[in-house]
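Working notes for the structure below.
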Amino acid sequence: MDLGLRGARVVVTGASRGIGRAIAETFAAEGADLAICARSPRPLHEAAQSLRESGATVVAREVDVADTDALRAFVDTAAAELGGVDVVVSNVSGGSAADWEQALRTDVLPFVALAEHAEEHLAASDRGGSVVLISSTSALHVAPPSGPRPYGAVKAALNHHAAALARALAPRGVRVNTVSPGPIEFEGGGWARRRDNDPDYYASIRARIPHGRLGRPEEVARAVVFLASPAASFVTGANLTVDGGFLDRV
Ligand SMILES: NC(=O)c1ccc[n+]([C@@H]2O[C@H](COP(=O)([O-])OP(=O)(O)OC[C@H]3O[C@@H](n4cnc5c(N)ncnc54)[C@H](OP(=O)(O)O)[C@@H]3O)[C@@H](O)[C@H]2O)c1
């Protein structure tokens, strides 16, 4: 199936490692051009160089998404240097931090700012603009690893906003979808750390995944790239779990 992404102009936040990097690589493999950001320069520019070697045009900027002015400027730079924006993927999260205000700054406000600021560019896209929010299964249940912490709660708030935006932006030809990964493992990521430092907890989570293993970043990335693409032209307001059956729900 041709996803129709050749030459698409794609913004991905937090693309220097893990799921965000796999998303950028999967878009590049489909022939898209990219604007990526992260805070640490070295892994960011290493990721950008590797994407360029695969043939993509890549804009890379050191941006902390909690600085919403810098995030808006990044979107403007992406649009100027790539000639527009067709797709925005909001991938960054503050993770499992215990600070509620920080979680609002790193998770909720950046997605709100990103979607608002990209709207005009996305509405102008010939392909039909598309937004994908990276959420989490932690938004959809309260059992471990979710629990009474900011992470699941702010992700649930984001799911609500994404679903509402999907209806609000549909008349402008812009689709908004959510991808909710279950536990995803890669070297340097949170679950690889738990595997090494807290093997009993890691094993207890793995035991609840019917596929018997954690997911891989590229398994999330393929779902994201499909939903973002013109191949999903009538899909909006969806929340696609990518979790090996971890969530027990209809
Ligand atoms: N991994 C999982 O098991 C899992 C499961 C469910 C959902 N998710 C969701 O998937 C997304 C990606 O997760 P991941 O595990 O791949 O994350 P990760 O390993 O923490 O990578 C995050 C990426 O975002 C960048 N980043 C972090 N904070 C940033 C900030 N304030 N501003 C700009 N860039 C920032 C990081 O680079 P710098 O640190 O250099 O900035 C890195 O490139 C998140 O939304 C997460 O909640 C992950």
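Residues: numbered from 1 along the sequence shown. Each ligand, and each atom within it, is numbered from 1 in the order the structure gives.
- Checked against side-chain contact (heavy atoms from CB on, under 4.5 Å), D33 has the following partners two or more places apart in sequence or in another chain: A56, T57, L82.
- Taking a heavy-atom cut-off of under 4.0 Å, ligand 1 is surrounded by G14, A15, S16, R17, G18, I19, A38, R39, S40, V63, D64, V65, N91, V92, S93, I134, S135, S136, Y151, K155, P181, G182, P183, I184, F186, W191.
- No side-chain N or O of D243 forms a donor-acceptor pair with one of T137 less than 3.5 Å apart.
- In terms of the side-chain contact (heavy atoms from CB on, under 4.5 Å) criterion, residue partners of A70 (sequence neighbours excluded) are, by chain and number, V63, D67.
- Applying side chain to side chain donor-acceptor pair (under 3.5 Å) to Y202 and the options R194, E185, R195 leaves one that passes, E185.
- For residues 38-48, the pairs satisfying salt bridge (Lys or Arg N to Asp or Glu O under 4.0 Å) are R21-E46, with sequence neighbours left out.
- Using modelled atom types, no side-chain atom of T241 and backbone atom of S180 make a donor-acceptor pair closer than 3.5 Å.
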